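This is a predicted model, so every value here is computed, not measured.
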Amino acid sequence: MVGNVPIGGGAPVAIQTMTKTETANYAATMDQIHTVAAAGADIVRVAVPREQDAAVLPQIVAQSPIPVIADIHFNYTLALKAIDAGAHCVRLNPGNIGGADKTKIVVDRAKETGTPLRVGVNSGSLPRHLLELEYTNPVEALVTAAVETVELMERLDFTNFKVSMKSTSVPNTIAANRELARRIPYPLHLGVTEAGTKWSGSLKSAVGLGTLLADGIGDTIRISLSTFHAEEEVKVAWEILKALKLRERGPVLIACPTCGRLQFDMDSVVAEVERRLEAYEDPIEVSILGCAVNGIGEARHATFGITGAKDMGMIYSKGEPLKKVPTEHLVDELFAEIDRYYAAGKRVVSDERSVAEAREWLAENEDPDAMTPERVAALEAAAARALDEEESPVAGRRFSRA
Ligand code: SF4
C-alpha cells in the first residue's frame, strides 16, 4: 500500500507522476499536486534533493489529496527525514545512497514506521562490477542489478517494496522487465526514463509500457515527459490504460481518420468535442465520422456520435439515428443529447419525427458501393481471414502463413 493505494497483487495499475516544482516552494508544489490529482493521478512523487525540501514535506504529506512519494538520491539522511515526515513511500536506489550500511539504516527506519520503499536501478548508474556486462548485454546487466537490490532487501528482512528498472531504451525496458517479472515476485514500477517531448515521449511510453502492460506486467506507471505540466503525463498514462482496457476513466473519443470525402472542418470539431468531454467522468464512447457514406458503420457501438457533411450532419446513438442538425450546430446538439441522456438516468431520449428525418438524411447520404477506407480495411480483413482458413491445419494444407 502506498497510502491508501494498493500496488500489485491484482490491484488496478496505479498512475504516478512527479511534480516539476521546487518541492520547497510549498504553494507551487501543492498547486501542481492538486492539478495532477484532478487529472487522475493516484500517487504523486516529489523530488527531495535538499534539506529545505525535506522540511516542507510534513506539510505537503498532510495536505495532499493523494499519497506522496519522496524521491531521494545520494543522501540517506534525507530518506530518513522523508520517512519521519510521513511520506507514504520513499524512492531510493540503494546503488547511489552510499552503500549497504546506509541502505540498512533507511530500511530499519522504514520497517519501524511501516513505510514502503521503491527500490531500483537506472541504466545510467549500474554498479561497477556490472559495467562490463552492461557493454555486452545491457538487459542482463539491468536485471542483475535489480535482482541484487532485491536480494539486499531480503537480507535486511524487508519485503515492503516495489522495484523499478529505468532505461532510456524502449526495447531494453521491455526485455528487462519481462525478465525481472519472471525472476521476482514483487510489484514493478514501469517507466521509460527521459522519454522525451509530449509527442515522442508519449509514443515511446505507449509502446514500451503498453507492451509490458498487455503482457500483464507492471503495477504502477509513470510517463516521463519534458513538460512543466505534470498533468500531461497523467493524461497519457490514462490513455494507455484505457486503450488496453485496464482501467476506465472518462469518455472515450473515437474519430475517423478522414479522407477525401470529408466536407467540413473535422479537426476543429474533434478538438472541441475532446475539450468538452473533459467535463464528463462517465466512460461513454463518443464517435465522430467525417461523412455518412459508410452509414453509422463501425461507430455502431458508440454511446453517441456525429457524422458530418457540408451543410447538414446527423447525431446518432448506439447505432440508431437521432436527429439531423445543421453542421455548425453539431457539437452543441451532441452535448445537448448527452446531457439529456444523463438527465433521463442514462436513457437515450428520442423524438419520432427527428428520428425519421435523420433516417431519411442518412439514406440519401449513405453510399453502400463507395470504397471508403473503412470498407477497404474490412475487405482486406475478410481476405486475410479467408487465406488463414485456407491454410489452416483444419483445411489440411500448410500449418501457418508465418
Ligand atoms: S469515408 Fe471514412 S475516413 Fe473518409 S471521411 Fe468518411 S468516415 Fe471519415
Side-chain angles (χ1 to χ4, degrees), residues 199 202-203 206-207 210 214 239-245 248 250-277 280 283-331 333-335 337-338 341 348 350 354-391 401:
W199 168 245
S202 299
L203 283 169
V207 172
E239 287 306 316
I240 294 173
L241 296 182
K242 278 160 69 173
L244 288 167
K245 306 251 183 256
E248 280 188 336
V252 176
L253 176 63
I254 297 165
C256 85
T258 81
C259 71
R261 295 171 185 82
L262 184 71
Q263 290 178 318
F264 71 107
D265 177 10
M266 184 146 141
D267 272 8
S268 16
V269 166
V270 172
E272 177 66 5
V273 170
E274 184 170 52
R275 189 187 65 75
R276 286 166 68 165
L277 280 177
Y280 295 78
I284 51 168
E285 196 171 294
V286 175
S287 164
I288 305 177
L289 298 176
C291 75
V293 296
N294 290 315
I296 293 167
E298 289 175 40
R300 205 159 286 284
H301 49 281
T303 325
F304 283 99
I306 55 182
T307 174
K310 197 164 185 191
D311 306 312
M312 278 290 173
M314 184 189 72
I315 297 178
Y316 52 88
S317 172
K318 301 179 182 170
E320 295 299 325
L322 276 187
K323 59 158 76 155
K324 81 176 188 188
V325 178
T327 308
E328 71 266 29
H329 296 145
L330 265 177
V331 177
E333 288 290 337
L334 168 71
F335 281 92
E337 290 300 334
I338 293 175
Y341 167 78
V348 180
S350 61
S354 304
V355 170
E357 275 178 12
R359 278 190 202 288
E360 202 179 314
W361 179 87
L362 185 61
E364 282 165 15
N365 286 276
E366 203 173 2
D367 179 357
D369 298 323
M371 265 305 133
T372 63
E374 293 84 352
R375 290 193 182 122
V376 172
L379 285 175
E380 284 173 353
R385 269 198 307 276
L387 193 60
D388 273 344
E389 274 164 28
E390 191 185 311
E391 294 177 346
R401 273 198 293 154

Enquirer: So which atom in Trp361 and which in Ala309 form the shortest heavy-atom distance, rounded to 0.1 Å?
Expert: CZ2-CB, 3.8 Å
Enquirer: Considering non-hydrogen atoms only, spot the tightest contact between Ile240 and Ala206 and give its length.
Expert: CD1-CA, 3.6 Å
Enquirer: Applying side chain to side chain contact (heavy atoms under 4.5 Å, CB included) between Ile306 and each of Ile288, Leu289, Thr327, report the one that passes.
Expert: Ile288
Enquirer: Could you measure the distance from the CG atom of Asn365 to the SG atom of Cys291? Nearest 0.5 Å is fine.
Expert: 9.0 Å
Enquirer: Rounded to the nearest 0.5 Å, what separates atom NE2 in His329 from atom CG in Leu334?
Expert: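 Answer rounded to 0.5 Å: 14.0 Å.
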Enquirer: Has the side chain of Lys324 got a donor or acceptor atom that lies under 3.5 Å from a matching backbone atom of Leu362?
Expert: no
Enquirer: Can you confirm whether more than 12 heavy atoms, excluding those of Asp367, are under 6.0 Å from its CG atom?
Expert: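 Buried by this count: over 12 neighbours within 6.0 Å.
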Enquirer: Could you check whether any side-chain N or O of Ser350 sits under 3.5 Å from a backbone N or O of Leu322, counting only pairs where one atom can act as donor and the other as acceptor?
Expert: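 The answer is no, because no donor-acceptor pair under 3.5 Å joins these two groups.
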Enquirer: Do Glu285 and Pro251 have side-chain heavy atoms sitting under 4.5 Å apart?
Expert: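 No, side chains not in contact.
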Enquirer: Do you know which two heavy atoms are closest between Gly290 and Phe264, and how far apart they sit?
Expert: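 Here Gly290 and Phe264 meet closest at O-CE2, 3.2 Å.
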Enquirer: Could you tell me the separation between the OG atom of Ser354 and the CZ atom of Arg359, rounded to the nearest 0.5 Å?
Expert: 12.0 Å
Enquirer: Does a sphere of radius 6.0 Å around CD in Glu364 hold more than 12 heavy atoms from other residues, nucleotides or ligands, not counting ones at 6.0 Å or beyond?
Expert: yes
Enquirer: So how far is it from Arg300 CZ to Ser287 OG, rounded to the nearest 0.5 Å?
Expert: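 Output value for this atom pair is 11.0 Å.
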Enquirer: How many angstroms lie between atom CD of Glu374 and atom CG of Asn294, to the nearest 0.5 angstrom?
Expert: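 Separation between the atoms: 4.0 Å.
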Enquirer: What are the two closest heavy atoms between Lys242 and Gly250, and how far apart are they?
Expert: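 Between these two residues, the closest heavy atoms are NZ-O, 4.0 Å.
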Enquirer: Report yes if some heavy atom in the side chain of Thr307 is under 4.5 Å from a heavy atom in the side chain of Ile296; otherwise report no.
Expert: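 No - every pair of side-chain heavy atoms lies 4.5 Å or more apart.
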Enquirer: Can you classify the ring geometry of Tyr341 versus Phe304 as parallel (below 30°), tilted (30 to 60°) or perpendicular (above 60°)?
Expert: perpendicular
Enquirer: Taking atom CE of Met312 and atom CD of Glu328, what is their separation to the nearest 0.5 Å?
Expert: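 Reported value, rounded in 0.5 Å steps: 8.0 Å.
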Enquirer: How far apart are the closest heavy atoms of Arg375 and Val293, and which atoms are they?
Expert: NH2-O, 2.9 Å
Enquirer: How close do Val331 and Arg276 get, heavy atom to heavy atom, and via which atoms?
Expert: CG1-NH1, 3.7 Å
Enquirer: Below 4.5 Å, heavy atoms only, C-beta onward: do Leu277 and Phe335 meet side chain to side chain?
Expert: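 SC-SC contact between Leu277 and Phe335 confirmed.
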Enquirer: Taking Val286's backbone N and O only, do any of them form a donor-acceptor pair with Thr303's side chain (distance below 3.5 Å, no angle check)?
Expert: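 Not a single qualifying donor-acceptor pair exists.
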Enquirer: Quick one: does Cys256's side chain get under 4.5 Å of Met266's, heavy atoms only?
Expert: yes
